[in-house]
Amino acid sequence: MDFRSAHILSIEQFERDSIDRLFETADFLAPYARRQKRTKVLEGAILGNMFFEPSTRTRVSFGAAFNLLGGFVRETTGIDSSSLKKGESLYDTARVLSGYSDIICMRHPQAHSVAEFAEGSRVPVINGGDGPNEHPTQALLDLYTIRSELAAHDRTIDGLRIAMIGDLKHGRTVHSLSKLLCLYKNITVKLVSPEALALPNYLIDSLVNAGHRVEVSNDLENGLKGVDIVYSTRIQEERFSSSEEANLYRGQFRLNETIFTANCEPNTVIMHPLPRDSRSDANELDNDLNPNPRLAIFRQADNGVIVRMALFASILDVVHLVEKYEAPIHWASRR
Ligand code: NCD
């Protein structure tokens, strides 16, 4: 794909080659994300960061990524505080807001709403999660994390063995990641969920058609065996008709240090898109895993900034100018 001025609406837009190029840019920008270097390459540019569903990591990391490239961020959060509440169409909102921004990130509770919004936008739009449908930038940062965690053991994404656990029906991060894995070779995917929350069939079919081995079960301990990556997810409570219904499934697949040690290979890496639900009736990833060096959830969240910087720099076509606009760092914030 051509990144320049592109909307990022679905992970299906990407080919393997564009992922390679994006990850190369991400590696190049990592020192800027870590404040070892600084650039003002996007000084003057405005990101419209519009989040109409709860978000911490995605919203703040999009904003921080834009700031780290020197750009400015304008935010709207919550449908209740926007004119969508007054009946304004997504098209009109997009037409107006794209006059105020150079690029827009958007999260919205309805599937395909971000694509509808993009039709009215005069600037590139990035999908920050459209209901249960997709979360393409999370899949990119997840794959970037998988790649770097595997590289430490001389492994590549081809040949990956991954267990995806939890609410696979509603989890948009799992949907986008499953699609993305179809671009790679010889992957084993173990899908562990309650039967009612299984990965949608069309996604299982895509994985099988890509030549991957897919195992479906509701047996956590078996699912954890013989995998490189455990990708745990939370029950997506907000997609159920009531919290009572969500409660039926909460807490079924809990991973803690004892279960990890008993079932996982020593190099197995634990990932989660976050937030992990740490309430006692859920607790899909126990806090007793925190000292475990194989727990990659915070490295994964840090990678969100790096990958989002790479997307902004590629879409706005400034990768080649990043070094030219370098600036000194004159503060001390790291401990
Ligand atoms: C995920 C999401 O919003 O889909 N969070 C995120 O963006 N990192 C996962 C979730 O909310 O469970």
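Every value quoted in this text rests on a predicted model; they were computed, and no experiment measured them. Residue numbers count from 1 along this sequence. Both ligands and their constituent atoms are indexed starting at 1 by order of listing.
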Is the H108 ring parallel, tilted or perpendicular to the F52 ring (thresholds 30°, 60°)? perpendicular
Just say parallel, tilted or perpendicular for the rings of F312 and F66, cut-offs at 30° and 60°. perpendicular
Less than 3.5 Å between some nitrogen or oxygen of [X] and one of ligand 1, yes or no?
{"X": "R57", "value": "no"}
{"X": "T58", "value": "yes"}
{"X": "R107", "value": "yes"}
{"X": "P273", "value": "yes"}

What's the separation between atom OG in S193 and atom CG in L168, rounded to the nearest 0.5 Å?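 The OG atom of S193 sits 4.5 Å away from the CG atom of L168.
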Determine, using heavy atoms of [X] and all atoms of ligand 1, whether some pair is separated by less than 4.0 Å.
{"X": "G129", "result": "no"}
{"X": "T233", "result": "no"}
{"X": "A301", "result": "no"}

Those residues that, when tested against E149, pass side-chain hydrogen bond (donor to acceptor under 3.5 Å, both in side chains) (two or more places apart): R299
Nearest protein heavy atom to [atom], by residue and atom, and its distance?
{"atom": "atom 11 (O) of ligand 1", "value": "R234 NH2, 2.8 Å"}
{"atom": "atom 5 (N) of ligand 1", "value": "L274 O, 2.9 Å"}
{"atom": "atom 3 (O) of ligand 1", "value": "R172 NH2, 2.9 Å"}

List in chain and number order the residues that pass salt bridge (Lys or Arg N to Asp or Glu O under 4.0 Å) with R279, two or more places apart in sequence or in another chain; answer none if no residue qualifies. E237, D277
Do we get R107 above F51's six-membered ring, with its NZ or CZ under 6.0 Å from the centre and within 45° of the axis?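 Negative - R107 is either too far from the ring of F51 or too far off its axis.
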Under 4.0 Å from a heavy atom of Q138: give me the atoms of ligand 1 that qualify, with their elements.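 Taking each heavy atom of Q138 in turn, ligand 1 has 6 (C), 7 (O), 8 (N) under 4.0 Å.
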Contact atoms of ligand 1, heavy-atom distance to T173 under 4.0 Å: 1 (C), 4 (O), 9 (C)
If you count the non-hydrogen atoms of other residues, nucleotides and ligands that lie under 6.0 Å from [atom1] in [X], is the total more than 12?
{"X": "E195", "atom1": "CD", "answer": "no"}
{"X": "Y325", "atom1": "OH", "answer": "no"}
{"X": "R74", "atom1": "CZ", "answer": "no"}

Ligand 1 contact on E53 by region, counting heavy-atom pairs under 4.0 Å: neither
